[in-house]
Amino acid sequence: MTKLYIYNSLGNQKEEFIPIDSSHVRIYACGPTVYSYAHIGNARMAVVNDLLTKIIKKIYPKVTYVSNITDIDDKIIKTSQDLNVPFKQITRKFEKIYNEDMINLGVIKPDIQPRATEYISDMIKLIQKLIKNNNAYEKDKHVLFHVPSFQKYGELSGRNREEQIIGSRVEVAPFKKDPTDFVLWKPSANNVPGWDSPWGYGRPGWHLECSAMSEKTLDIPFDIHSGGVDLIFPHHENEIAQSCAAHKNNNPKSFAKYWVHNGFVIVDGEKMSKSQGNIRLVNDLIKSYDGEVLRLTLISAHYRQPLNWTISAINQSKNILDKFYRTLKELEKIEIPDKIDIPEKVFNALCDDMNTPQALAELNKIIKNLNTASKDEKIFIKSSIIGAGNILGIFQKNPNEWLNYGRSEILDDKTVNKLINERNKARKNKDFKKADEIREKLKNKGIEIEDKENETIWRSI
RNA sequence: GGCUCGAUGGCAGAGUGGUUAUGUAGGGGCCUGCAAAGCCUUGCACAGCGGUUCGAUUCCGCUUCGAGCCUCCA
């Protein structure tokens with residue numbers, strides 16, 4: 001069996017992936033808070049986890065991938081108040097858009113996509129356990145997690161409580177016993193979404209939903225917990241504290257064994273933020289670029305590295321895809337088996353902490369000797385592209401459609417073919433001036449022609 | 001101030017204690033009537049300074065610079 005290595009943020013090193021139960025691998029990825037359109041950073045997380053899940057599914061017979069929808073949170077409430085519409089209207093709308101956008105990026109929908117609002121009772125039960133275990137306390141209608149009560153707090157992010165307090169820039173709420181305590185439950189005003197609880201009408205604090213949903217859907221401990229790097233602290237640290245403390249277990253691995261964090265997307269070298277006005281929304285990008293172009297751009301750097309989102313990076317991805325699709329076009333008549341597998345070297349690269357650039361490099365090496373390849377080698381090349389593409393989420397289209405062969409929005413086929421015939425007659429008669437004129441004319445209509453041995457093919461550019 | 005992670009050729013981006021990926025852009029060539037596409041070829045990259053070593057871009061330390069977190073964030 002292929003060994004999979006992944007970098008575990010819990011311990012900061014690359015480790016061999018050994019499932020808790022090899023007959024059922026369980027993965028949880030922190031999903032989006034649905035109050036607006038998904039940006040390219042959300043997409044990176046979704047693509048990375050989609051790929052990770054696909055790799056693991058190649059190795060293990062049963063995998064459950066859970067990624068939640070956070071559909072209650074203060075940003076959602078604010079958006080709902082600003083727009084004066086019920087919060088559910090917002091969350092359902094953006095949840096739908098998120099899923100559609102991700103499909104465009106070749107992301108398979110998670111096996112389970114739990115909504116936070118549907119797990120409120122589990123959250124309440126979790127809080128009750130924490131209170132019972134003396135890890136949480138009620139104060140002024142809030143329930144807070146008492147951080148000093150959890151010995152291993154800070155193990156994931158590598159920070160200690162004292163330093164954090166010293167460096168803290170946040171004002172400490174008066175009802176906190178300790179400055180690092182965080183909210184499990186908070187009161188809601190009557191005009192704000194909330195649920196009845198033993199502590200009054202209110203809503204859960206951030207962090208709690210993931211603890212409740214991951215345990216409920218996957219049971220703990222599960223194998224992999226993932227998300228963006230920025231979630232390491234405080235979100236994941238707090239999840240660990242809640243989930244472990246509720247079960248009176250001090251070991252962070254009693255919650256999740258491997259922690260996988262993807263790097264940030266930066267835009268033209270700058271942090272993507274509202275104030276910079278440089279947020280790149282998938283929903284907008286998809287209008288200008290094919291989903292495969294965006295997906296390839298997202299996997300063109302290693303998932304833990306920062307990814308600089310630039311026009312030239314996108315264009316380069318487009319060029320690379322064009323090249324592979326041209327290769328597939330060359331191999332159009334080569335029949336490949338129905339059941340194809342990913343080439344070994346490509347898969348090995350992916351199993352080495354999801355080294356996608358290496359995987360792409362290996363694939364490039366495979367297609368290199370195309371024109372000296374025997375028929376069997378051509379079958380291998382084509383299978384390799386398709387097989388690798390299936391797992392990477394690219395090369396899923398028909399090459400003719402991708403490259404716009406025989407399609408034009410400006411001229412109809414008949415006109416194009418008539419002009420090409422005229423040109424070929426002119427070429428036969430060595431009337432190259434006329435032939436070039438016709439080629440130029442077609443080019444002005446966005447049509448590029450390619451003279452093959454026995455035929456002339458054309459495409460829109 | 002504390003905690004992470006980085007610094008590789010024009011650009012993108014892996015990797016390695018000695019043979020120096022891959023892509024893309026550029027130079028040269030082949031093919032073509034000319035193109036397009038493709039192919040071949042080329043490029044003295046590993047931030048700086050010390051240390052370990054027979055040998056370091058790769059290991060260690062320091063410096064400089066960059067990104068992120070410590071506040072909502074994927």
Side-chain angles (χ1 to χ4, degrees), chain A residues 7 9 12 29-33 35-36 38-49 67 70 73-75 78 154 156-160 162-171 180 206 226-235 237 261-266 269-274 279 296-297 300-302 304-308 310 312-313 315-320 322-324 326-327 329-330 349 352-353 355-365 368-372 403 426-428 430-433 435-436 439-440 443 447-453 456-459 461:
Chain A
Y7 185 91
S9 305
N12 285 328
C30 284
T33 302
Y35 66 104
S36 180
H39 55 65
I40 197 69
N42 297 313
R44 188 179 198 192
M45 166 264 146
V47 166
V48 164
N49 284 291
S67 187
T70 295
D73 140 292
D74 287 0
K75 292 189 295 291
K78 187 174 184 305
L156 176 69
S157 56
R159 28 190 118 207
N160 69 53
E162 287 75 22
E163 281 165 357
Q164 204 191 306
I165 295 165
I166 292 160
S168 179
R169 286 181 257 150
V170 223
E171 264 184 64
T180 57
W206 187 40
S226 64
V229 266
D230 54 321
L231 294 183
I232 292 176
F233 191 90
H235 187 56
E237 199 69 75
H261 292 100
N262 63 274
F264 251 67
V265 177
I266 55 176
E270 307 258 347
K271 184 182 171 172
M272 183 164 58
S273 69
K274 271 185 188 159
I279 305 256
L296 180 60
T297 309
S300 65
H302 185 91
R304 281 191 285 116
Q305 295 299 121
L307 178 76
N308 194 9
T310 62
S312 79
N315 288 339
Q316 188 162 319
S317 298
K318 170 80 165 67
N319 288 341
I320 292 167
D322 283 354
K323 188 179 76 171
F324 276 99
R326 279 206 184 91
T327 306
K329 166 85 180 161
E330 286 298 312
D352 183 14
D353 196 29
N355 194 336
T356 47
Q358 184 67 41
L360 259 8
E362 294 298 342
L363 197 58
N364 268 304
K365 287 179 193 166
K368 194 122 197 151
N369 54 357
L370 178 67
N371 43 359
T372 57
L403 296 164
R427 286 170 71 208
K428 225 176 226 170
K430 309 259 186 215
D431 185 358
F432 297 123
K433 189 167 174 270
D436 289 350
R439 187 175 59 208
E440 200 54 31
K443 189 153 197 177
I447 289 167
E448 186 175 83
I449 54 178
E450 295 172 30
D451 293 329
K452 296 283 181 185
E453 264 179 76
T456 298
I457 59 176
W458 58 279
R459 57 184 284 253
I461 49 171

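Computed from a predicted model, the values in this text were never measured in an experiment. Throughout, a chain's letter reflects where its sequence line sits, starting with A, and its residues are numbered from 1.
Between A:Arg439 and A:Asn369, the one whose closest nucleotide on RNA chain B sits nearer the 5' end is A:Arg439. The nearest heavy atom of RNA chain B to A:Asn319 and to A:Lys430 marks one nucleotide each, and the one closer to the 5' end goes with A:Asn319.
Put simply, CD1 on A:Ile457 is 12 Å from P on B:A37, counting in whole angstrom units. A:Lys452 places its NZ atom 12 Å from the C1' atom of B:U32, with the value rounded to the nearest Å. The distance between atom NE2 of A:His235 and atom C1' of B:C69, rounded to the nearest whole Å, is 15 Å. Taking atom CG of A:Leu370 as the reference point, atom P of B:G38 lies 11 Å away to the nearest angstrom. Atom CD1 of A:Ile320 and atom P of B:G38 are 13 Å apart (whole Å). Counting to the nearest Å, the C1' atom of B:C5 and the CG atom of A:Asp353 are 13 Å from each other. Separating the CG atom of A:Asp230 from the P atom of B:C5 is a distance of 16 Å, rounded to the nearest angstrom. Between the P atom of B:A67 and the CZ atom of A:Phe233 lies a distance of 22 Å, rounded to the nearest Å.
Considering only residues two or more places apart in sequence or on other chains, A:Asp74 meets the side-chain hydrogen bond (donor to acceptor under 3.5 Å, both in side chains) condition with A:Lys186, A:Arg203. Considering only residues two or more places apart in sequence or on other chains, A:His235 meets the ring pair (Phe, Tyr, Trp, His ring centres under 6.0 Å) condition with A:Trp206, A:His207. Remark: A:Ala46 pairs with A:Tyr98, A:Met102, A:Val107 by the side chain to side chain contact (heavy atoms under 4.5 Å, CB included) rule, at least two apart or across chains. Contacts of A:Lys428 classified as salt bridge (Lys or Arg N to Asp or Glu O under 4.0 Å), with partners at least two apart in sequence or in another chain: none. Taking A:Gln305 as the reference, A:His302 meet the side chain to side chain contact (heavy atoms under 4.5 Å, CB included) condition, with sequence neighbours excluded. For A:His261, the ring pair (Phe, Tyr, Trp, His ring centres under 6.0 Å) criterion is met by A:His236, not counting sequence neighbours. For A:Thr310, the side chain to side chain contact (heavy atoms under 4.5 Å, CB included) test picks out A:Asp268, A:Asn308, A:Ser312, A:Ala313, with sequence neighbours left out.
Taking 4.0 angstrom as the limit, A:Lys271 places none of its side-chain polar atoms (N or O) nearer than this to OP1 or OP2 of B:A74. Proximity of A:Asn42 to the phosphate of B:A74: a side-chain N or O atom is located under 4.0 Å from OP1 or OP2. Neither OP1 nor OP2 of B:G38 sits under 4.0 Å from any side-chain N or O of A:Lys329. Proximity of A:Lys368 to the phosphate of B:G23: a side-chain N or O atom is located under 4.0 Å from OP1 or OP2.
Here the CZ atom belonging to A:Arg326 is positioned 6.5 Å from the CD atom belonging to A:Glu450, to the nearest 0.5 angstrom.
Of the candidate nucleotides B:A35, B:A74, B:G68, B:A35 has the atom nearest to the side chain of A:Asp451. If you check B:G33, B:U22, B:U4 against the side chain of A:Ala435, the one that comes closest is B:G33. Listed nucleotides: B:G68, B:C70, B:A21. Nearest to the side chain of A:Pro234: B:C70. Closest approach to the A:Asp436 side chain among B:G68, B:G38, B:G33 is made by B:G33 (side chain taken as heavy atoms from C-beta onward). With B:U24, B:U4, B:C3 as the choices, the nucleotide that has an atom nearest any side-chain atom of A:Asn12 turns out to be B:U4. Among the nucleotides B:A36, B:C3, B:A74, the one closest to the side chain of A:Phe264 is B:A74.
The P atoms of B:G6 and B:A14 are separated by 11 Å, rounded to the nearest whole Å. Remark: the separation of the C1' atoms in B:G66 and B:U52 is 28 Å, to the nearest Å. Comparing B:G23 with B:G43, their P atoms are spaced 15 Å from each other, to the whole Å. Taking the C1' atom of each, B:G51 and B:G15 are spaced 24 Å apart, rounded to whole Å. When the C1' atom is used for both B:G9 and B:G1, the distance is 38 Å, rounded to whole Å. When the C1' atom is compared between B:A12 and B:C46, the two are found 15 Å apart, to the nearest whole Å. The C1' atoms of B:C65 and B:C49 are separated by 15 Å, rounded to the nearest whole Å. Comparing the P positions of B:G18 and B:G33 gives an interatomic distance of 49 Å, to the nearest angstrom.
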Original post:
Which dot-bracket notation, 5' to 3', represents the base pairing of RNA chain B when pairs are defined as Watson-Crick or G-U with both distances under 3.5 Å, crossing pairs as [ ], and inter-strand pairs as |?
Top reply: (((((((..(((.....[...))).(((((.......)))))....(((((..]....))))))))))))....
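The residue A:Lys365 sits close only to the backbone: its heavy atoms come under 4.0 Å of sugar-phosphate atoms, none of a base. Heavy atoms of A:Gly41 sit under 4.0 angstrom from at least one base atom. As judged by a 4.0 angstrom heavy-atom cut-off over every strand, A:Gly154 is placed among residues making no nucleic acid contact. A:Arg427 comes within 4.0 angstrom of a nucleotide base, judged by non-hydrogen atoms across all strands. Residue A:Val48 is out of contact with every strand shown, counting any heavy-atom pair closer than 4.0 Å. Note on A:Glu450: a base of the nucleic acid sits closer than 4.0 angstrom, heavy atoms only. Counting any heavy atom pair closer than 4.0 Å across all strands shown, A:Ile232 reaches no nucleic acid atom.
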Quick one: which protein N/O atoms are closer than 3.5 Å to N/O atoms of nucleotides 12-16 of chain B? Pair and distance per line, please.
residue, atom, partner, partner atom, Å
B:A14, OP1, A:His302, N, 2.6
B:A14, O3', A:Asn355, ND2, 2.9
B:A14, O2', A:Asn355, ND2, 3.2
B:A14, O2', A:Gln358, OE1, 2.7
B:G15, OP1, A:Asn355, ND2, 3.2

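In this structure, A:Lys318 pairs ionically with A:Asp322, as a charged nitrogen and a carboxylate oxygen lie closer than 4.0 Å.
In the model, A:Thr33 has no side-chain atom that pairs as donor or acceptor with a side-chain atom of A:Asp73 under 3.5 Å.
In plain terms, the two heavy atoms of A:Leu296 and A:Ser317 that are nearest each other are CD2-O, 3.5 Å.
With A:Glu448 contributing its side chain and A:Arg459 its backbone, the two residues share no donor-acceptor pair below 3.5 Å.
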Original post:
When you look at A:Arg427 and A:Thr456, which way does the side chain to side chain contact (heavy atoms under 4.5 Å, CB included) test go after all the steps?
Top reply: CA-CA 12 Å; A:Arg427 286 170 71 208; A:Thr456 298; 4.0 Å; yes
